[in-house]
Every structure is written in structure tokens, then in C-alpha cells.
Protein chains: 2
Amino acid sequence: MKNRLKVLRAERSWSQQDLADKLNVSRQSVNAIETGKYDPSLPLAFKIAEVFDMAIEAIFERD
Amino acid sequence: MKNRLKVLRAERSWSQQDLADKLNVSRQSVNAIETGKYDPSLPLAFKIAEVFDMAIEAIFERD
DNA sequence: CTCGTATGTAAAACACCCTTTACACAATGA
DNA sequence: TCATTGTGTAAAGGGTGTTTTACATACGAG
């Protein structure tokens with residue numbers, strides 16, 4: 001899976017910590033997802049979509 | 001998370017095994033997801049959405 | 001130069017996802 | 001009756017997701 005997290009976050013001028021706080025996860029989790037270390041769980045993906053006010057499919061993409 | 005898997009599958013008259021085959025997972029995984037034992041991973045959620053030709057948000061719902 | 005902020009990474013620990021194998025039960029049909 | 005199919009469940013094991021703590025690097029502000 002690929003994701004546009006880094007770009008979307010930059011567009012909003014949020015730090016990884018800012019986003020982590022909004023998602024209630026650790027900064028390391030945000031970093032790991034952005035750098036492709038692993039994919040978020042489905043509940044976390046939903047929360048990410050909520051925070052960015054976008055559909056999951058608009059943020060994540062199958063590769 | 002709640003999901004409409006059982007209903008969607010029934011609408012298509014697929015057995016859990018049929019769906020598992022389409023998803024390339026075990027029948028137990030399908031059963032566990034349907035019975036709410038756990039949520040699928042994000043990649044599997046994408047595949048489920050693909051198999052049913054629906055958006056993830058139309059199948060899964062935050063609770 | 002120094003301080004604070006942002007980012008990447010690592011290890012250990014724990015919970016969750018998914019597998020295989022296996023058993024149980026209900027319903028259906030030969 | 002007997003075999004088959006569909007579903008639910010369980011245990012054990014491997015792999016993944018997330019946490020905490022910690023260290024390193026880069027960069028801009030002062």
C-alpha cells in the first residue's frame with residue numbers, strides 16, 4: 001500500500017507530532033506509516049481519513 | 001468497527017469459503033471478520049472493497 | 001554557537017491479524 | 001441413514017501494528 005500522508009500533512013503544515021496527537025497514536029507510528037514501514041490498522045485508517053476529511057481510497061492506494 | 005460483510009455475501013449467495021477464495025484468505029479469517037472477532041488489515045479491507053465493488057466506507061463503519 | 005523543533009531509526013514488549021488443523025453442530029439431499 | 005455443505009469456534013504459531021524509550025541528524029532562530 002502507498003499513501004499520501006506526508007503530502008497531505010505538509011499541505012496543512014502539521015508536524016508528525018501534530019498529526020499523531022490528532023490521531024491519538026505515537027509519533028513513531030505516524031513516521032512508520034509515512035515511511036512505508038507498515039500500513040495502519042483499519043480503525044486507524046478510518047481515523048486518518050476523518051482527520052483529513054477525505055475518503056480512505058483518496059489517501060491510501062493498493063500497489 | 002462494524003461491517004456489512006455477512007449481508008453483502010448473502011446477497012451474492014457466496015459461502016464464507018467462496019469469499020475466502022476470492023480474497024485469498026482462509027475461511028476462518030472471513031468468519032472472524034464477519035462475527036466481529038477482529039477487523040481486517042487495511043490491505044485486506046481494500047481487497048474486500050474490490051471484490052464487492054464498493055468503497056471501504058460503504059462496507060465498514062466506525063463504531 | 002546553542003537551543004529548540006522536526007524527522008528518522010532502533011530495540012523490546014505487547015496486542016492484533018491470519019494461518020493451519022481440528023472438532024462440533026445444523027441443514028440438506030441421496 | 002449417511003455423506004456433504006455451511007457455519008462457528010478453538011489452539012498454536014508466525015507475522016504485523018503500536019507503544020515507550022532512546023539516540024542521531026539536520027535545520028532555523030536567537
Side-chain angles (χ1 to χ4, degrees):
Chain A
M1 307 248 14
K2 289 181 176 178
N3 72 73
R4 308 205 306 125
L5 229 57
K6 199 164 188 163
V7 173
L8 295 173
R9 183 173 61 78
E11 285 175 359
R12 289 158 181 77
S13 299
W14 294 343
S15 68
Q16 291 183 346
Q17 185 64 64
D18 291 336
L19 178 53
D21 290 344
K22 294 176 194 297
L23 298 172
N24 294 312
V25 298
S26 67
R27 178 183 68 86
Q28 283 76 356
S29 288
V30 169
N31 184 79
I33 294 165
E34 283 192 358
T35 56
K37 288 220 173 61
Y38 49 71
D39 300 319
S41 66
L42 185 57
L44 182 50
F46 264 85
K47 190 141 196 182
I48 291 170
E50 180 184 308
V51 163
F52 286 111
D53 195 26
M54 300 174 69
I56 289 181
E57 286 88 348
I59 303 177
F60 299 92
E61 188 182 353
R62 267 157 68 81
D63 51 11
Chain B
M1 308 248 12
K2 289 180 178 179
N3 71 72
R4 308 205 305 125
L5 229 56
K6 198 164 188 164
V7 172
L8 295 173
R9 183 173 60 79
E11 285 175 0
R12 289 158 181 75
S13 299
W14 294 344
S15 68
Q16 291 184 344
Q17 185 63 63
D18 291 336
L19 178 54
D21 290 344
K22 294 176 194 298
L23 297 172
N24 293 312
V25 298
S26 68
R27 178 182 69 86
Q28 283 77 355
S29 288
V30 169
N31 184 79
I33 294 165
E34 284 192 358
T35 57
K37 285 219 174 59
Y38 50 71
D39 299 319
S41 66
L42 185 57
L44 182 50
F46 263 84
K47 190 140 197 185
I48 291 170
E50 179 185 309
V51 163
F52 286 111
D53 195 26
M54 300 174 68
I56 288 180
E57 287 87 347
I59 304 177
F60 299 91
E61 188 183 354
R62 267 156 67 81
D63 50 11

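In the text below, chain A, chain B and the rest are named by the order of the sequence lines, each starting its count at 1.
- DNA chain C lies under 4.0 Å from at least one heavy atom of each of the following residues of residues 9-20 of chain A: A:Arg9, A:Ser15, A:Gln16.
- Under the salt bridge (charged side-chain N to carboxylate O under 4.0 Å, His left out) criterion, A:Arg27 pairs with no residue, sequence neighbours left out.
- Every pair passing salt bridge (Lys or Arg N to Asp or Glu O under 4.0 Å) that includes a residue from residues 46-63 of chain A is listed here, sequence neighbours excluded: A:Glu50-B:Arg62, A:Arg62-B:Glu50.
- With sequence neighbours left out, the side chain to side chain donor-acceptor pair (under 3.5 Å) criterion links B:Thr35 to no other residue.
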Steps toward side-chain contact (heavy atoms from CB on, under 4.5 Å) verdict (B:Leu8, B:Asn3): CA-CA 10 Å; B:Leu8 295 173; B:Asn3 71 72; over 6 Å; no

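- With hydrogens and angles ignored, the 3.5 Å screen pairs no side-chain donor or acceptor of A:Asp39 with any backbone N or O of B:Ser41.
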Please determine whether side-chain contact (heavy atoms from CB on, under 4.5 Å) holds for the pair A:Phe60 and A:Ile48, giving the CA-CA distance in whole Å, both sets of side-chain angles, and the decisive distance to 0.1 Å. CA-CA 10 Å; A:Phe60 299 92; A:Ile48 291 170; 3.9 Å; yes

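- Atom CD in A:Gln28 sits 11.5 Å away from atom CD1 in A:Ile33 (nearest 0.5 Å).
- Within residues 56-63 of chain A, no residue has any heavy atom under 4.0 Å from DNA chain C.
- B:Asn31 meets the side chain to side chain donor-acceptor pair (under 3.5 Å) test with B:Gln16; sequence neighbours excluded.
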Set out, line by line, the N/O atom pairs under 3.5 Å between protein and nucleotides 28-30 of chain C.
none

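- For the ring-ring contact (aromatic ring centres under 6.0 Å, His included) test, residues two or more places apart in sequence or in another chain that qualify with A:Phe52 are A:Trp14.
- Here the straight-line distance linking atom CZ of A:Phe46 with atom CG of B:Leu42 works out to 9.5 Å at 0.5 Å rounding.
- Taking both residues in full, the closest heavy atoms of A:Ala55 and A:Ala49 are given as C-CB, 4.3 Å, listed atom of the first, atom of the second, then distance.
- Residues A:Leu19 and A:Val25 are not in side-chain contact: their nearest non-hydrogen atoms beyond the backbone lie 4.5 Å or more apart.
- Under the 4.5 Å side-chain heavy-atom criterion for ILVMFWY residues, no single connected hydrophobic cluster contains both B:Val51 and B:Val7.
- Near DNA chain D, defined here as any heavy-atom distance below 4.0 Å, there are no residues from residues 46-55 of chain A.
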Please encode protein proximity along nucleotides 15-30 of chain D as a string of B, S and -, counting only heavy-atom distances under 4.0 Å. --SBBBBB--------

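- Judged as a salt bridge (Lys or Arg N to Asp or Glu O under 4.0 Å), the pairs with a partner in residues 8-22 of chain A (not counting sequence neighbours) are, in order, A:Arg9-A:Glu34.
- Inter-axis angle, ends of the helix from C:dC1-D:dG30 to C:dA30-D:dT1, five pairs per end, rounded to 10 degrees: 30°.
- A:Asn31 places its CG atom 15 Å from the C1' atom of C:dT5, with the value rounded to the nearest Å.
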